[in-house]
Amino acid sequence: MADKKLLDDAKKLAGYRAVEDNVKNGQRVGIGSGSTVKYVVDKIKELGYTDCICVPTSFQSRQLIIEAGLKLSDLSITPELDITIDGADEVDQHFNLIKGGGGCQLQEKIVAHASKELVIVADYSKDSVEFGQNWKKGIPIEVHPMAYVPIIKQLSQAPFNLKATLRMAVNKAGPVVTDNGNFVLDATFQSLNSQHEIEKLNVQLKMIPGVVEHGLFINMTKKVYFGQTDGTIKLRSK
Ligand SMILES: O=C[C@H](O)[C@H](O)[C@H](O)COP(=O)(O)O
């Protein structure tokens, strides 16, 4: 298992640099969720960008914005954003993202879609060549609670052939309940070999009644900052 301090330092590098390179004071900024995004908010605060209007993607990121004393908004007040900076659980060579390890995929995708640009910040462990190479927990799928059993069944069959399990809470009895009151399934797969297959799955999952959103983010980002163990940053862009 990767050293926690190394990972944390790498997250910080990526989060800080992404803000320095991409955010200007006064912009409308979507704030992603997860442990890496904390450093994004820290840097916006440190730079004194108090005119930035920040739209959160979860309860956690809302708290980060409030605690940093930054301007909080939402999509009903600020429906168009200049940029969103968010983390990811995996980024492959084609910039396919797996997100939702923290259960925030629904609001994250909505906010990213409302943004002109999505910039991803991550530590080196998220950097993959092949899809699913590093992230073994499967694709997070947010579902309406009443539908979770039929959806698990449907996912196990063709054309999906996914093995989905209900994500269970750690310090609470029962399932994880998202910020939107839904459940999360984690769907592992045997092989998703081509970009075509991944893109097909991206659409097919959304067609299942009861699936609210999923953690595949395809064709949504062109810029990813990976913090490295040696204190450098690997920037991948297209
Ligand atoms: O649901 C959580 C989000 O998609 C996160 O952005 C993702 O899990 C990455 O989180 P972290 O920065 O903690 O690795």
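Source: prediction; values computed, not measured. Worth knowing before you read on, the calculation uses all heavy atoms, side chains too, and leaves out hydrogens, waters and symmetry mates. First listed ligand is number 1; within each ligand, the first listed atom is number 1.
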What part of Asp86, side chain, backbone, both or neither, has a heavy atom within less than 4.0 angstrom of ligand 1?
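The side chain, only.
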Under 4.0 Å, heavy atoms only, figure out whether ligand 1 is touched by the backbone of Ala88, its side chain, both or neither.
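Backbone only.
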Going by the rule side-chain contact (heavy atoms from CB on, under 4.5 Å), which residues pair with Glu67 if we only count those two or more places apart in sequence or in a different chain?
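Gln63.
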Sequence neighbours left out, what passes side-chain contact (heavy atoms from CB on, under 4.5 Å) with Gln93? Give chain and number order.
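For Gln93 the side-chain contact (heavy atoms from CB on, under 4.5 Å) partners, ignoring immediate neighbours, are Val129, Glu130.
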Regarding [X] and [Y], does a basic nitrogen lie under 4.0 Å from an acidic carboxylate oxygen?
| X | Y | answer |
| --- | --- | --- |
| Lys137 | Asp186 | no |
| Lys200 | Glu197 | no |
| Glu117 | Lys222 | no |
| Glu108 | Lys99 | yes |
| Lys12 | Asp8 | no |

Identify the protein heavy atom lying closest to [atom], giving its residue, its atom name and the separation to 0.1 Å.
| atom | result |
| --- | --- |
| atom 12 (O) of ligand 1 | Thr36 OG1, 2.6 Å |
| atom 14 (O) of ligand 1 | Lys126 NZ, 2.6 Å |
| atom 4 (O) of ligand 1 | Glu108 OE1, 2.7 Å |

Which of the numbered atoms in ligand 1 are under 4.0 angstrom from any heavy atom belonging to Lys99?
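With Lys99 as reference, the close atoms of ligand 1 come out as 3 (C), 4 (O), 5 (C), 6 (O).
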Just jot down the ligand 1 atoms closer than 4.0 angstrom to any heavy atom of Gly101, in number order.
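By the 4.0 Å cutoff, the relevant atoms are 1 (O), 2 (C), 8 (O).
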For Lys5, look at atom NZ and say whether over 12 heavy atoms of other residues, nucleotides or ligands are found less than 6.0 Å away.
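Atom NZ in Lys5 is not crowded, with 12 or fewer foreign heavy atoms closer than 6.0 Å.
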Heavy-atom proximity to [atom], best of [options]:
| atom | options | answer |
| --- | --- | --- |
| atom 11 (P) of ligand 1 | Ser35, Gly103, Gly87, Cys104 | Ser35 |
| atom 7 (C) of ligand 1 | Asp89, Leu97, Leu106, Ile98 | Asp89 |
| atom 10 (O) of ligand 1 | Ala14, Gly34, Ser61 | Gly34 |
| atom 2 (C) of ligand 1 | Ser125, Gly102, Gly215 | Gly102 |

Taking the non-hydrogen atoms of Ser33, is any one of them nearer than 4.0 angstrom to ligand 1?
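Distance cut 4.0 Å: Ser33 passes for ligand 1.
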